Amino acid sequence: MVHADPILEGLNEPQREAVAHQEGPLLVLAGPGSGKTRVITRRAARLARDAAPASAILAITFTNKAADEMRRRITALGAGAGMWICTFHSLGARLLRAYGQRIGVEPGFSIYDEADRKQTMKSAMEEASVGGHVLTVDKAIHAISAAKNELRTPAGYEVTARDFNERMIARVYEAYEALLKKQNAADFDDLLLKPAQMLGEDDDLRRMLNQRFQYLLIDEYQDTNHAQYLVARRLSELNQNICATGDPDQSIYGWRGANLDNILDFERDYPDTRVVRLEQNYRSTGAILRAASTVIRANRRRKDKELWTEGDDGEPLRVWRFASGSDESEHIAQNIVAMSQDGVDYADFAIMYRVNAVSRGVEDALRARRIPYRIIRGVEFYNRREIRDTVAYLRVLMNPRDEQALLRIINTPARGIGKKTIERLLIAAQNADETLLATIRRAHDVPGVAKGTAKKLRSFVTLLDRLSDHVEGPLDALVGQVLEQSGYEQYLREAEDDSSEDRLANVMELVTVAARYQQEEPDGDLDGFLARVSLTSDQDAVDPNAGCVQLMTLHAAKGLEFPVVFLVGVEQGLLPHERSLSGPFGVDEASLEEERRLFFVGLTRAMRRLHISYADMRAIRGRLTPRSASQFVGELPDSAAVVETISRATFRDARSRYNDQDAVWDEAEFAPADEAGQTSRRRGGFRPRPERRFEFQQTETYFSVDDPTTGAAPTERGRYADWSAGTWVRHDSLGVGQVIWIQPSSGQTRAAIKFAGQGQRVYILEHAPIHRLERPSPQ
DNA sequence: TCGTGAAACTTTTTT
DNA sequence: AGTTTCACGA
């Protein structure tokens, strides 16, 4: 009898087996909700305790969020210090920073995001004079990205090019690579491809890293692409201690190059692999599991698993059919209100959809009922113009060759350097074969640049030089200096439009983001901060403590769970998306299966209640189109789902609503359809917003979240929970004010505050010198 | 050079 | 429907 080991405690048999396994390759096939994260974290902790120093363990995830979560849980188990826990992309960035010079990547290189890549690709196409053909920028990006994932070089691409189009792509590819190199930049693909390449070509490096990392743990292995596969393989060559966890049924990134064969053929790649299946589900009701397993069994390319639970069958899934997308939104919002009155916390709801465009209608309905919600779009913050502008300054300071960033800031805020001048500078730079910044430094002798303009360029350069003195100092101070010295802050303060206050608040938030980063990473520098900023993903924004209904795409939902899930827009053409239905050869089976996996992922996010809905009509890109139920709806087993048609019953008398504040422009949603089923566009005028009510064909009963069986943790209330519109506050320098509105969110509660005699301004409460006044101000 | 408004195009998913 | 690009006038 072995003594109880706390690390193995509370695990079921296969979980224990996976945690206890030590030497040699291990494949954990983990169904949804089967305690996979638990297994990985325990295993990592156990290895650090029994097998190797923490620094010899490398754990790789797909999102920063997952990495942070894993680190937190491993730390809670008493291990983790010194362990490498990161995403594939951040691992790539780290390796490149440390060893990239061997393949021509200088330290301090910039990471080009989608927008930068697009611009660069445009330039590359111009340079290769490939414009005007059938080849579009997007097609070039796609083709070259695919080539990079396969580790094909421009030269290699050219050799195998079979037609005119491919020869064009080869030329663009070459020009694009040359640009990246000249600008010392790497795109997202490079972060995987270059390390894979380095590890393949440089025996010393590979040997060294193989000795350093004795144990490899890779999560979401079903989503690895070829480059990631090679990194994993080349890092585990010596010890063969690779533990891959994943689920072929949840592979949803095929369009990004993920190769399902990586997990399906793992046992072939690593002989003597121990395979463990985690099939017991701790998340969902029996009905939800039955529905999910039935649906996914229609796929051919998979490894069969039996999902089962010891829990109860729960309620059947509800399949709702609506007349229109807006009915769908309204009904869901109404349902959330009803359930929340019954005690279900807002944070317990999630609304999921296939494409982002669907979220708008839902948002409107939630907003109309003042239901707090949050859209999971982590990149949103970093994609704001003001943030990109500020970050661009930082990027130029880090990497003066970063042309994308330089072009962004050269006239932001406006300093009289126009398009013509920039064009001349770019040509001069190309002729002299030097970087854009070098040309700008000698602008006075660039032909065609006027004296006055040269002077402006001079002072821009001086600004950058002055700022670079602060690069070594604290990051938040650096960001502050950028905002101040560039005039960007003043520019925002003086701007008159209504968004400028928000933008100012966002920019200030970037200062605190920088401060927080430095707190978390004591030896974090500008380079690391920029990498963090570039590699933040959508999923990283999920915050279960926000007290809000969460809206997200199905892709962003992976790995999450919610007591109540609404799957909206489950319509043919949307899920499965039409791109999988109308390929060059009709239905593309492989991508149809991926769509089905996406549906499967959605189904298995739900713990207790699951609502699936579709509408007969939906406005897509401004146009009302007829829709029909997804084929996947028909694949649900009758024993687990109830289908209901929900109709709009009554409109309140239009006239009584005329004086209400929310008369709306009729967006053709209610315009009559002609005989072809097409709706005439834009034939409205102001009409009252109809009050919609729904008939329930069945009485709704909601479970209460207090119910211990749901396992829902009591929601953490923010420290501003008792603040509301009208709350009196004091600002350290502006004095007494009153809250106009407040948007709760953990860590960054926004509020608009009005001060006597001044306008209202938006603050992030956590970071502003604002305190609550206990008593209303004595007038 | 810069701001305005019209036209054109876009999107499926995202590190 | 929203964003980006383009053309034009100040």
Side-chain angles (χ1 to χ4, degrees), chain A residues 60-67 86-93 111-115 117-119 122 136-138 141-142 145 148-149 186-193 220 223-225 227-228 251-258 352-361 364 376-380 382-383 385 411-423 450 452-453 456 497 531-532 534-541 552-558 569 573-582 591 594-595 597-599 601-602 619-624 665 667-669 681-682:
Chain A
I60 305 175
T61 62
F62 266 76
T63 67
N64 297 301
K65 177 95 184 167
C86 52
T87 67
F88 258 116
H89 290 266
S90 59
L91 171 71
I111 299 172
Y112 276 8
D113 66 12
E114 271 337 297
R117 163 194 257 174
K118 195 162 186 171
Q119 285 305 119
K122 270 186 193 163
T136 63
V137 178
D138 288 321
I141 286 176
H142 183 82
S145 177
K148 285 191 170 190
N149 286 338
D187 63 22
F188 286 142
D189 296 323
D190 288 334
L191 297 182
L192 308 173
L193 148 115
E220 309 281 15
D223 284 327
T224 50
N225 65 23
Q228 289 164 325
S251 166
I252 55 176
Y253 286 104
W255 50 275
R256 212 166 70 189
M352 301 172 188
Y353 34 80
R354 174 68 233 265
V355 300
N356 280 307
V358 173
S359 74
R360 191 159 314 282
D364 291 343
I376 307 309
R377 245 184 282 163
V379 289
E380 196 181 53
Y382 293 107
N383 272 340
R385 199 176 60 205
N411 199 32
T412 313
R415 43 175 79 88
I417 301 166
K419 217 162 61 182
K420 259 270 101 78
T421 308
I422 292 169
E423 214 168 277
T453 314
K456 289 172 189 162
D497 54 306
R532 164 77 69 92
S534 313
L535 297 176
T536 295
S537 78
D538 277 9
Q539 289 198 350
D540 300 333
M552 68 197 82
T553 64
L554 287 166
H555 283 88
K558 192 166 70 159
L574 222 44
L575 179 67
H577 195 270
E578 52 203 341
R579 280 174 106 102
S580 65
L581 297 172
S582 57
S591 56
E594 179 154 314
E595 298 287 315
R597 291 194 291 268
L598 211 39
F599 186 53
V601 166
I620 288 179
R621 268 213 290 278
R623 213 167 269 264
L624 201 61
W665 178 261
E667 284 143 334
E669 186 80 13
R681 246 163 91 73
R682 286 297 147 78

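Remember, it's a predicted structure, so these values are computed and weren't measured experimentally.
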Integer-rounded Å distance: [N] [atom2] and [X] [atom1]:
X	N	atom1	atom2	result
N411(A)	dG3(B)	CG	C1'	13 Å
K65(A)	dT14(B)	NZ	P	16 Å
R117(A)	dT15(B)	CZ	C1'	10 Å
I252(A)	dT15(B)	CD1	C1'	13 Å
K148(A)	dT15(B)	NZ	P	18 Å
K558(A)	dT13(B)	NZ	P	16 Å
R579(A)	dT11(B)	CZ	C1'	8 Å
E423(A)	dT1(B)	CD	C1'	14 Å

(Q) Would you say the ring centers of W255(A) and H555(A) fall short of 6.0 Å from each other? (A)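 Yes, ring centres under 6.0 Å apart.
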Q) For the residue pair H89(A) and F62(A), is the inter-centroid distance of their aromatic rings smaller than 6.0 Å? A) no
Q) When you match H577(A) and G416(A) each to their closest nucleotide on DNA chain B, which lands nearer the 5' end? A) G416(A)
Q | Most 5' of K118(A) and F188(A) on DNA chain B, judged by nearest nucleotide | A | K118(A)
Give [X] one of three labels, base, sugar-phosphate or nothing, depending on what nucleic acid heavy atoms sit under 4.0 Å from its own.
X	value
D138(A)	sugar-phosphate
E578(A)	nothing
D113(A)	nothing
T421(A)	sugar-phosphate
A357(A)	nothing

Just wondering, do [Y] and [X] contact through their side chains at under 4.5 Å, heavy atoms?
X	Y	answer
F88(A)	T224(A)	yes
D187(A)	K148(A)	yes
E594(A)	S580(A)	no
K456(A)	R415(A)	no
F188(A)	L535(A)	yes

Distances for protein N or O near nucleotides 4-7 of chain C N or O, under 3.5 Å:
from: dT5(C); atom 1: OP1; to: K122(A); atom 2: NZ; distance (Å): 3.4

Q) N356(A) side chain N/O closer than 4.0 Å to the phosphate oxygens (OP1, OP2) of dT14(B)? A) yes
Q) Taking only side-chain nitrogens and oxygens of T553(A), does any of them come within less than 4.0 Å of OP1 or OP2 of dT14(B)? A) yes
Q: Give a yes/no verdict on base stacking between dT13(B) and W255(A): centres under 5.5 Å, planes within less than 30° of parallel.
A: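 Stacked: ring centres under 5.5 Å, planes under 30°.
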Q) Can you name the one residue among D190(A), D138(A), D189(A) that meets salt bridge (Lys or Arg N to Asp or Glu O under 4.0 Å) with R117(A)? A)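 That would be D189(A); it is the only one of D190(A), D138(A), D189(A) passing the salt bridge (Lys or Arg N to Asp or Glu O under 4.0 Å) with R117(A).
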